[in-house]
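Single-structure report; data block below.
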Amino acid sequence: MSERNAQRSRTRAAGRGSLAVPTAPKAGISKGGSSEFAYQVIRAEIVSLALAPGSDLDEAALVTRLGLSRTPLREALVRLAGEGLVQILPNRGTRVAPMGWNDIREHLEAFDLSQRLVTRWAALRRTEAQIAAIDAQREAFEAATAQRDSEAMLEINWRFHAAIAACCRNGVVERFYLQLLTTNLRISRLAMTYDCFSTEEAYDAHIGNIIREHREMVEAIRARDADRADALGSSHAGLARKRVSECLTQSMLSDMELPLGGAPDSLA
């Protein structure tokens, strides 16, 4: 067995597939924060797929495991539901939001359109301070890729695109986009987690494309080139669509397990 396959086997043994690597709560968050602590822990487990899409959340078990009362737990779950990561079902309890293949297809269609819009408006409406903030997140992302720190890459990538959305100066559009961006964290693991790629070359090529488009997006926004920014927003969303299609093919040809529900629809 190759070292790469051995590493995958060790990772699978720790959870559901090579994707199930929980992330720790952000530094400085403790149980004293109650609701914030519960939010960070559960969010990390959902995003890492340690809590499988569509799985029920046993609130009594979570209260015991997190060492909290039910009230802050419920506050955290309501917040996660607002971000699209949890579903609160009347008289049926709470579950992790499903992420079947059809859910991903619909998500990527909506994400494509919204990313094009916020990136276009960012080019037209950004301030000098905002472009500096975007570029700082770009640099931080590239530093994280040099370390192959997939957890940092996921969070910094979120902040990079959130900084772009902040430039659009439309609160309704920004909130909608940020909800999609947060839901997209689970899909992003397919694009930024090293063990999800068949070869090191494939990983490097994909991350290289992300870095290149990040740089081009910054330059288009700086130049106030709305058409170029729009095109790059769509192209960048297309990288996610391509990566999901590749993972589907890879999972059919190998023992890689993708913990997604339902039969795959076309992602074209």
Side-chain angles (χ1 to χ4, degrees), residues 43 47 79-87 97-142 153-192 206-207 209-245 265-268:
R43 179 182 182 273
V47 169
R79 183 176 171 186
L80 290 163
E83 294 180 344
L85 294 176
V86 159
Q87 292 180 340
M99 195 177 72
W101 293 108
N102 194 55
D103 298 305
I104 291 176
R105 179 186 59 78
E106 292 183 348
H107 169 85
L108 291 176
E109 286 181 350
F111 189 69
D112 185 335
L113 290 174
S114 62
Q115 184 152 274
R116 287 177 57 193
L117 181 58
V118 299
T119 310
R120 166 178 282 275
W121 281 357
L124 296 172
R125 301 175 178 181
R126 57 85 178 166
T127 65
E128 291 300 321
Q130 286 173 324
I131 193 66
I134 295 168
D135 204 32
Q137 294 301 331
R138 177 195 62 77
E139 291 178 351
F141 179 83
E142 293 185 19
M153 289 163 65
L154 286 168
E155 289 296 331
I156 297 168
N157 185 68
W158 189 97
R159 295 201 299 265
F160 171 79
H161 290 287
I164 292 175
C167 302
C168 77
R169 300 189 190 180
N170 184 302
V172 174
V173 171
E174 181 182 358
R175 286 191 296 273
F176 175 68
Y177 176 74
L178 290 181
Q179 179 174 337
L180 290 175
L181 191 62
T182 300
T183 304
N184 197 55
L185 284 168
R186 294 189 288 179
I187 300 174
S188 295
R189 295 192 72 82
L190 303 179
M192 296 184 195
H206 186 76
I207 296 301
N209 284 333
I210 292 175
I211 290 173
R212 174 181 54 78
E213 289 198 343
H214 278 183
R215 292 174 178 176
E216 292 177 358
M217 291 168 82
V218 171
E219 290 309 310
I221 294 169
R222 177 178 284 118
R224 301 191 186 277
D225 187 339
D227 290 341
R228 178 63 175 155
D230 186 317
L232 284 165
S234 181
S235 175
H236 207 58
L239 287 178
R241 184 187 301 272
K242 178 176 180 289
R243 181 63 195 138
V244 170
S245 296
D265 292 337
S266 171
L267 294 170

May I ask you to test the [X]-[Y] pair for a side-chain heavy-atom distance under 4.5 Å?
X	Y	result
T119	L232	no
E216	R228	yes
I207	M153	yes
M99	T183	no
L181	L178	yes
W121	C167	no
L124	C168	no

- Under the 3.5 angstrom rule, does the side chain of R126 hit a backbone N or O of R222 as a donor-acceptor pair?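 Between the backbone of R222 and the side chain of R126 there is a qualifying donor-acceptor contact (under 3.5 Å).
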- T127 backbone acceptor or donor facing Q130 side chain under 3.5 Å: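 The answer is yes, because a donor-acceptor pair under 3.5 Å joins these two groups.
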Could you give the distance from [atom1] ([X]) to [atom2] ([Y]), rounded to the nearest 0.5 Å?
X	Y	atom1	atom2	result
D103	R186	CG	CZ	8.5 Å
D230	D225	CG	CG	10.0 Å
Q137	E155	CD	CD	11.0 Å
I210	R212	CD1	CZ	10.5 Å
D112	S235	CG	OG	9.5 Å
L185	R43	CG	CZ	5.5 Å

- Side chains of H161 and N184: do they bring a donor and an acceptor to under 3.5 Å?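 Not at all, the side chains of H161 and N184 share no donor-acceptor pair under 3.5 Å.
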- Item | Qualifying residues under side-chain hydrogen bond (donor to acceptor under 3.5 Å, both in side chains), relative to R138, sequence neighbours excluded |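 For R138, the residues satisfying side-chain hydrogen bond (donor to acceptor under 3.5 Å, both in side chains) (neighbours in sequence not counted) are D135, E142.
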- Query: Hey, mind stepping through H214 and I211 against side-chain contact (heavy atoms from CB on, under 4.5 Å) and telling me if it holds?
  - Reply: CA-CA 5 Å; H214 278 183; I211 290 173; 5.6 Å; no
- Task: Write down the atom of A123, the atom of A229, and the distance for their closest heavy-atom approach.
- Result: CB-CB, 4.0 Å
- Message: Please find the pair of heavy atoms, one from I156 and one from A140, that lie closest to each other, and give the distance.
- Response: CD1-O, 3.7 Å
- Message: Can you list everything that forms a ring pair (Phe, Tyr, Trp, His ring centres under 6.0 Å) with H107? Sequence neighbours excluded, please.
- Response: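 In terms of ring pair (Phe, Tyr, Trp, His ring centres under 6.0 Å), with neighbours along the sequence ignored, H107 is linked to F111.
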- side-chain hydrogen bond (donor to acceptor under 3.5 Å, both in side chains) pairs touching residues 163-182, sequence neighbours excluded, are Q115-Y177, W158-T182
